[in-house]
Structure formats: structure tokens, C-alpha cells
Asker: 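There's a structure below that I have some questions on.
Chain letters run A, B, ... following the sequence lines, proteins first and then strands; every chain starts at 1. Values below: all heavy atoms of this structure, side chains included; hydrogens, waters and symmetry mates excluded.
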Protein chains: 4
Amino acid sequence: MARVAILTGFEPYGGRGINPAAEVVKRLDGSTVTGARVVGRLLPVSYAKLGSSIEALLREHEASAIVSLGLWPGEKMIRLERVAINVADFEIADNEGTFLTDAAIQGNAATALMATWPVRAAERALIDAGIPARVSSTAGTFLCNATLFQFLHQLEGRRRRVPCGFVHLPYLPAQVAELMRDLHRERQLELEQRADVASMDLDTMARAVRIVIETCLTLPPAP
Amino acid sequence: MARVAILTGFEPYGGRGINPAAEVVKRLDGSTVTGARVVGRLLPVSYAKLGSSIEALLREHEASAIVSLGLWPGEKMIRLERVAINVADFEIADNEGTFLTDAAIQGNAATALMATWPVRAAERALIDAGIPARVSSTAGTFLCNATLFQFLHQLEGRRRRVPCGFVHLPYLPAQVAELMRDLHRERQLELEQRADVASMDLDTMARAVRIVIETCLTLPPAP
Amino acid sequence: MARVAILTGFEPYGGRGINPAAEVVKRLDGSTVTGARVVGRLLPVSYAKLGSSIEALLREHEASAIVSLGLWPGEKMIRLERVAINVADFEIADNEGTFLTDAAIQGNAATALMATWPVRAAERALIDAGIPARVSSTAGTFLCNATLFQFLHQLEGRRRRVPCGFVHLPYLPAQVAELMRDLHRERQLELEQRADVASMDLDTMARAVRIVIETCLTLPPAP
Amino acid sequence: MARVAILTGFEPYGGRGINPAAEVVKRLDGSTVTGARVVGRLLPVSYAKLGSSIEALLREHEASAIVSLGLWPGEKMIRLERVAINVADFEIADNEGTFLTDAAIQGNAATALMATWPVRAAERALIDAGIPARVSSTAGTFLCNATLFQFLHQLEGRRRRVPCGFVHLPYLPAQVAELMRDLHRERQLELEQRADVASMDLDTMARAVRIVIETCLTLPPAP
């Protein structure tokens with residue numbers, strides 16, 4: 001039976017009509033990477049449902065690699081997270097209106113969990129492929145961080161050692177175009193005050209995520 | 001006889017091995033846009049030769065549109081210049097070692113010249129096509145600004161009214177990847193201190209420049 | 001009779017309760033710099049009244065130096081403008097609701113006017129004093145640029161050669177603190193999406209503007 | 001006997017001649033905050049000596065609050081760290097030439113430790129005082145993070161519950177002025193490529209750190 005690589009992304013949120021994470025998941029779902037089948041799954045932007053969605057996914061598939069994707073508005077390159085912290089502290093509400101401040105994700109859990117993927121090797125493989133990438137030491141404190149924390153926490157509980165990590169993606173060009181159109185239309189905020197106008201095209205993002213999955217499937221998980 | 005659209009770009013400079021402007025010119029050279037033939041030309045990164053290169057181009061072709069391209073390290077989107085100022089003030093030397101400070105480009109010329117292309121319509125067309133774009137009020141004071149100034153100045157001398165403008169392009173992804181590799185290798189400068197890590201893929205850039213040429217060929221030049 | 005240095009600033013605008021330009025003007029109004037009396041004046045954030053306010057000021061005082069101040073949200077240092085362009089293109093309305101797009105400031109005037117102050121000497125004097133400063137090639141296309149353009153245009157009409165320039169100032173720290181409080185309260189925009197959170201304290205700004213005025217009074221105007 | 005608040009800063013590093021952290025420590029050392037005496041101490045920029053320096057400090061003083069300071073080039077405001085991760089991953093060498101990549105700080109320790117200071121209250125107090133401030137979820141992976149980790153780890157070992165945190169400071173204005181002078185002199189890097197040109201004056205920084213210490217002394221440590 002073929003190996004499986006789980007790839008998750010989020011539905012659109014924060015009033016945006018599109019999410020690059022979802023687009024990449026749709027693009028790669030069902031494809032084959034290094035002999036493994038990519039199982040793509042869109043997670044709802046719901047903090048409350050996150051834990052059970054992830055639990056169901058882990059029950060369903062004995063994955064050989066787990067890579068989750070999320071949008072980081074303003075990010076300029078492929079950003080590879082090395083750690084998830086046990087903090088939920090939102091700047092905007094999730095799609096169900098949940099708004100948390102300085103909360104713990106799991107009451108009796110570690111302060112932080114290290115991502116178990118070969119993050120440095122993934123960074124190197126991306127740069128060698130001509131794709132801008134960097135290792136990051138913070139996945140924020142919104143649902144992206146919570147997703148990585150939940151995956152790592154539940155994998156620990158199941159005593160499963162599998163490469164598991166999180167990729168933050170920039171906006172798609174069309175999203176920034178939309179943002180520029182709104183700036184013109186609404187005239188509410190000057191461009192110089194915006195830090196979130198970088199973007200990356202879907203092809204490059206999809207290529208990057210394939211390389212990341214490949215690296216996870218090829219190299220042993222971090223100790 | 002078919003109409004001609006002149007498209008110029010620069011050769012690599014500043015120690016970089018590649019220039020997105022040159023790549024887009026190579027990609028579009030010889031193609032047809034709105035019935036016009038695109039004549040692509042690479043300009044040397046030489047301040048001394050700029051005037052004569054441009055003079056030769058204008059003598060050679062009775063162009064219906066003139067669009068020049070250049071790299072702006074750190075730029076995040078397609079940037080359309082509306083004005084060129086009569087100032088040459090370099091931060092780095094050109095490829096021949098010329099280094100100017102607070103100099104005038106042309107002794108007896110205007111302080112600045114307005115680009116004669118339909119810059120706002122081009123911006124709108126790009127945004128409608130999902131490509132991030134903005135109108136800019138400074139083309140800097142290096143060779144990009146000098147190119148636009150020379151084109152506009154010489155067109156004035158020839159009493160030719162033709163849409164003429166300048167597009168600043170972001171880095172290509174591979175250039176930022178190279179920069180990240182160097183940051184790792186040399187360990188001389190921390191990432192947080194770099195502002196020039198945004199990029200845009202060649203396909204989107206080439207598509208953008210086609211749309212810009214199209215707009216120039218379709219709309220009358222600015223008054 | 002003592003020489004006079006005109007120093008202008010703007011009243012608050014854009015929904016902000018304070019303007020660093022106004023604060024510096026209030027601080028320096030009536031003081032003496034290099035034997036000259038500083039005449040501080042607050043200009044209304046009204047495009048319609050700009051021309052006549054400046055005309056009145058020039059009629060009233062035979063100034064030996066003219067320095068205008070304005071806020072540039074997001075700016076990180078003292079920014080010295082070298083040129084004003086004949087363009088009014090607003091991103092927000094002025095305090096009277098006037099909103100212009102791609103308009104000329106003066107119908108039969110030059111495309112741009114060079115500031116007549118010793119801008120490079122001012123930059124050097126600031127840096128030597130330990131104050132971050134830079135020469136800028138765009139004053140934007142809002143009222144700051146229009147103020148510099150009007151001053152230079154009217155001085156030309158009066159055939160007066162006097163050092164005249166424009167300083168863009170960062171936010172005051174208290175303004176960014178207010179912005180951070182609002183971000184928390186309204187939860188509408190994530191911090192990572194804001195580019196305008198740098199600031200500079202009033203003492204440093206006032207010291208900088210004194211040095212700039214001093215440089216203007218000491219050195220001959222640019223040719 | 002009076003209570004003691006430990007305040008640490010670093011000596012200059014990375015080729016810089018000055019460190020705002022050291023300046024603030026010198027300014028506040030020996031002063032009294034809320035009845036407590038501030039004991040300022042400069043730590044060497046030496047990863048190897050960090051643990052023993054901190055151990056000595058904790059042996060020497062039964063502190064009621066511990067606040068450490070460090071420079072973050074490019075930071076625009078007072079940045080309050082909420083967590084330290086068990087990672088040492090340098091971008092530049094420390095002052096003794098030590099250069100670590102993806103190393104653990106402590107072999108048998110937690111992945112991360114939560115700072116035990118009332119970080120949110122400190123942020124609020126700063127903003128109420130008109131000082132731009134924010135809570136951060138990453139202290140980086142250089143000596144600043146290692147210092148916070150070591151303090152928290154050793155306090156755990158001693159079973160001492162005391163408010164302990166880390167403040168990242170922007171550059172001083174004079175440092176950015178120096179940087180601008182070097183950019184001019186060396187002409188190696190264009191300004192647009194630099195992200196580290198924001199600054200904050202020493203008075204505001206010192207005032208901020210006093211408020212932070214005050215908050216730590218007044219409120220109970222985080223659970």
C-alpha cells in the first residue's frame with residue numbers, strides 16, 4: 001500500500017475571499033510525491049473544531065509526513081516553522097467569532113513543541129531550487145500555530161514519530177491586487193502604511209510545498 | 001507596415017548575475033501586442049552610453065509606444081513611474097565605475113519630465129488582471145530614472161508625442177533565494193536587517209509588461 | 001533688524017489628534033537660530049487655502065530661510081526633500097474634504113521645482129549630530145509636496161533666491177502608542193500588516209529642525 | 001532591607017560601538033523603582049559565559065524582579081518577550097567567535113519556557129504612558145533568547161517564583177546616523193535594501209524600562 005503525506009490548508013478567513021493555503025492543497029491533493037499519495041484536507045478556520053479535525057485525520061491516515069499550510073499576510077517568502085508554542089492569542093476572531101487572549105491551547109501540555117520535520121534540509125532544498133525560503137522561530141499565536149501544536153501534541157500522545165511541520169505562505173498576487181483596488185476605492189489607508197503587499201505566485205508555492213513534502217519523506221524526522 | 005513598441009531592459013548590475021528587466025525583454029522581444037511588434041533592446045548599465053543608446057533607438061524605430069524596465073531591489077509589485085527628475089545621484093557605481101553625486105542629467109533641461117504614458121489606466125488594467133501594481137512618484141536617481149528622463153527629453157527634442165514610461169520590477173524569486181544562500185554562507189548581515197527579500201515570478205512580470213504595452217498602444221498618450 | 005526664518009507645520013489631519021510638525025513649530029516659534037528669529041506658522045490642512053496662506057507669509061516676511069514640516073506616517077528618520085512635483089494626487093481627503101486625483105498644482109508651471117536649500121549639507125550636519133537623516137527624491141503628492149511646490153513657485157515669481165525646503169518627520173512615540181492601543185481595541189488589522197509604527201521623539205525632531213534651519217542660514221542657497 | 005530588581009544588558013557586539021541595552025542599564029543602575037534598588041549588570045556577549053554569569057547573579061541577589069535588555073536591529077518599539085525557546089541558532093558569531101547552528105541551549109530541559117513577568121500589563125502600562133510597545137512571541141535564537149531561557153531555567157531549578165522577562169530595544173538614533181554615514185561612505189548597500197533604520201531615544205527607552213520594572217514589582221508573577 002502506498003505511503004500517505006497529509007497536507008492541510010485553511011479555508012479563507014479575515015474577510016478575504018481566497019486563501020493561498022487552500023489553493024495549494026487543492027492543487028496537490030491526490031498527486032504523488034516520492035511514491036507517496038498526497039491527501040489534501042481543508043481545515044475550517046475554527047479554533048473549536050481544530051483538535052477534533054486533526055484527531056480524525058490522524059485516525060484516518062497512518063501518514064509518513066504531515067505538512068500544514070497557512071497564510072501570513074506580508075510574508076515575502078516560504079517560511080518554515082520550527083516550533084509551536086502553547087499559546088492562543090488572536091488579533092482577529094476566527095470564522096466562528098471565537099476570540100482568545102493569552103490562553104493556553106492545552107492545559108496540561110508543554111510550553112512549546114518542536115516541529116519534527118527536517119526544517120533546515122527543507123530550507124536548503126528550496127533555496128537550491130531557486131525558491132526564497134527561511135526557517136522561522138514563531139508561527140504566531142493564531143490558528144496556524146495552534147494547528148502545528150495540536151498535530152505535534154496528538155502525535156506525541158500516539159507515540160508516533162513522523163515528520164510534521166508548518167509552512168507559512170505569502171499572499172497570492174491577485175490578493176494584493178484586490179487590496180490595492182480596495183485602497184483606491186475606499187481611500188481609508190495610505191499605501192505607505194501597509195506592510196502586507198508582497199506576494200508569491202501559486203506555481204512557485206505549489207512547487208515549494210512539493211519539495212518540502214519530498215524532503216520530509218526522504219529524510220528521517222528530527223530527533 | 002506594422003507598428004513597433006520599444007521595450008528596453010538593463011543588463012545585470014550591482015554584482016548580481018541576472019536582471020529581471022533583461023529576462024522580460026528577452027521573453028517579449030519579437031512578440032506581437034495589439035498588432036504591434038515588440039522590439040526588445042538591452043541597455044548597458046553605463047551612464048555615459050545611455051544618451052547615445054537611446055538616440056540610436058529613436059532614430060532606428062518610429063515607435064508607437066516606449067516602455068523601459070528596471071529592477072528595484074525590495075519592490076513588491078509592478079511599479080509604474082509617472083515622472084523622471086533631472087538628477088543623477090548614485091548609491092552604487094554603474095558597470096563602468098561611474099559614480100555621480102547630485103549631478104544634473106542634462107544641463108539646460110527641465111527639472112523634471114512627466115512620463116507620457118497612460119499610467120493610471122495601466123495601473124487599473126494590471127489590478128483588473130489580478131497583478132499587484134501601483135503608480136510611483138519617484139524613479140530614484142540612478143540609471144532607471146536617467147533612462148526615462150533621456151527618452152522623454154529626446155522625444156521632446158524630436159517633437160514626437162508617443163506614450164513613454166518606465167516600469168520598476170521586483171527581484172525574481174531565484175535572486176532572493178541566492179541572497180538567502182549568501183546570508184547563510186557569509187553570515188554578515190541578519191535577515192531582519194534586509195528589506196529586499198520580496199520577489200515576483202517571471203511569468204507574472206511578463207504578463208504585466210504585455211498589459212502595459214497594450215494599454216500604451218490602445219490609449220492616447222497623456223496630454 | 002534681525003533676520004527671519006519661516007518655519008511652517010500642519011495642523012492635525014487624517015483623523016489624528018496630533019501632528020509632530022505642529023509640535024515642532026510650536027516648540028521653535030520665537031526662538032533664535034544663528035541670529036535669526038524663527039517665525040512659526042501652522043498651515044491649515046486645506047489644499048484650497050494653501051496658495052494664499054503661503055502668499056501672505058511671503059508678503060509678511062522677507063525671510064532668509066524657509067523650512068516647512070510635515071508628517072510622513074511610517075518614516076523612520078529625518079527626511080529632507082530635494083524636489084517638489086507639479087502633481088496633486090491624494091490618498092485621503094484634506095481637512096475640508098477636498099480630494100484630488102492626478103491633478104496639476106499650477107496650470108502653467110514647471111513639471112517640478114528643485115528645493116533651493118543646501119539639502120546635502122543639512123543631511124551631513126544631522127548625521128554628524130547623531131540624528132538619522134536622508135535626502136529624499138519624492139515629497140509625495142499630498143499637501144506636503146504642494147506646500148513645497150507653492151513656496152518654490154511663488155519665490156520664483158518674486159525672483160527671490162532664498163534657501164527653501166521641506167522636512168518630513170516620523171510619528172511621535174505617543175502616536176504609535178495610540179495606534180497600538182487602537183489595534184488592540186478594534187482588532188481590525190494585524191500588527192504585521194502595519195508599516196507605520198516607527199517613531200521619533202519631539203526633542204530629537206526639534207533639535208534636527210534647528211540644525212536644518214542653521215544650515216540654511218549659514219550656507220548659500222543651491223544654485 | 002530593600003528589595004532588589006536585577007536589570008541586565010549586553011555589551012556592544014556585531015561590530016557596533018554602542019548597545020542601547022548597556023546604556024539603559026548604566027542609566028538605571030543604582031536608581032530606585034517602587035522602593036526597590038535596581039542592580040544593573042552588563043553581560044558579556046559570550047554564549048559560553050552566559051550560564052555562569054546568570055548563576056552568579058542569582059546567587060548574589062534574592063531579586064524581586066528580573067528584567068533583561070537586548071538590541072533588536074530594525075525593531076521600532078519596545079518589544080516584550082513572552083517566551084524563550086531552547087534553541088541557539090546564530091546569524092552572526094558572538095564576541096568570542098562562537099557560532100552555533102540549530103543547537104539546544106540545555107540538553108535535558110523544556111522546549112521552551114514562558115517568561116514569568118506580567119507581560120500584558122507591562123504592555124498596557126507602556127501604551128498608557130504614550131510609549132509604543134508590543135508583546136512578542138519570539139526572542140530570536142541568539143544571546144537574547146538564551147539569556148531569558150537561562151534565567152527562567154535556573155529560577156525553575158531554584159524553585160524561585162519571581163517576575164522575569166526580556167525587553168528588546170530598537171537602535172539609538174545615533175546608531176542609525178552612523179549606519180547612514182557608512183552607507184554613504186562605503187556605497188555598498190542601497191538604503192532601500194535596509195530594514196534596520198528605525199530608532200528610539202535613550203530617554204524614552206529608560207522611561208519604558210522603569211515602567212516595566214515597576215509593573216513587575218507591583219503585580220504578581222504570571223502563574
Side-chain angles (χ1 to χ4, degrees), chain B residues 72 74-77 79-91 100-124 134-142 144-146 148-149 152-153 156 165-166 168 192-193 195 198 219 222-223, chain C residues 72 74-77 79-91 100-124 134-142 144-146 148-149 152-153 156 165-166 168 192-193 195 198 219 222-223:
Chain B
W72 189 286
E75 181 56 56
K76 296 165 184 168
M77 60 181 82
R79 171 174 163 178
L80 308 164
E81 302 300 342
R82 71 159 106 210
V83 65
I85 60 175
N86 193 355
V87 175
D89 184 34
F90 299 178
E91 293 202 336
L100 293 173
T101 304
D102 299 332
I105 296 173
Q106 285 287 334
N108 276 320
T111 297
L113 294 168
M114 281 292 158
T116 51
W117 62 352
V119 65
R120 195 62 74 185
E123 182 198 38
R124 223 168 300 132
R134 66 181 181 106
V135 172
S136 158
S137 296
T138 177
T141 55
F142 193 43
C144 292
N145 172 71
L148 180 55
F149 190 87
L152 295 168
H153 180 66
E156 262 195 6
F166 196 97
H168 266 119
E192 297 280 337
Q193 296 172 238
L219 288 180
Chain C
W72 189 286
E75 181 56 56
K76 296 166 185 167
M77 60 181 82
R79 171 173 161 179
L80 308 164
E81 302 300 342
R82 72 159 106 210
V83 65
I85 60 175
N86 193 356
V87 175
D89 184 33
F90 299 179
E91 293 201 334
L100 294 172
T101 304
D102 299 332
I105 296 173
Q106 284 288 334
N108 276 320
T111 297
L113 294 168
M114 282 293 158
T116 52
W117 63 352
V119 65
R120 194 62 73 186
E123 182 198 38
R124 223 167 301 132
R134 65 181 182 106
V135 172
S136 157
S137 296
T138 177
T141 55
F142 193 42
C144 292
N145 173 71
L148 180 55
F149 190 87
L152 296 168
H153 180 66
E156 263 196 6
F166 196 97
H168 266 118
E192 297 280 337
Q193 295 172 239
L219 289 179

Asker: Can you find a heavy atom in the side chain of B:I105 that is under 4.5 Å from one in the side chain of B:N145?
Answerer: yes
Asker: For B:V87, is it the side chain, the backbone, both or neither that has a heavy atom under 4.5 Å from a heavy atom of chain C?
Answerer: side chain
Asker: Between B:W117 and B:E81, which heavy-atom pair has the shortest distance, and what is it?
Answerer: NE1-O, 3.0 Å
Asker: In plain terms, say whether C:E75 and C:R134 are close enough for a salt bridge, that is, a side-chain N and a carboxylate O under 4.0 Å apart.
Answerer: yes
Asker: Which heavy atom of C:S137 sits nearest a heavy atom of B:T138, and at what distance?
Answerer: CB-OG1, 3.7 Å
Asker: Does any backbone or side-chain atom of C:T141 lie under 4.5 Å from a heavy atom of chain B? Answer side chain, backbone, both or neither.
Answerer: side chain
Asker: Below 4.5 Å, heavy-atom pairs only: which of C:N86, C:D102, C:V119 has the largest tally toward chain B?
Answerer: C:D102
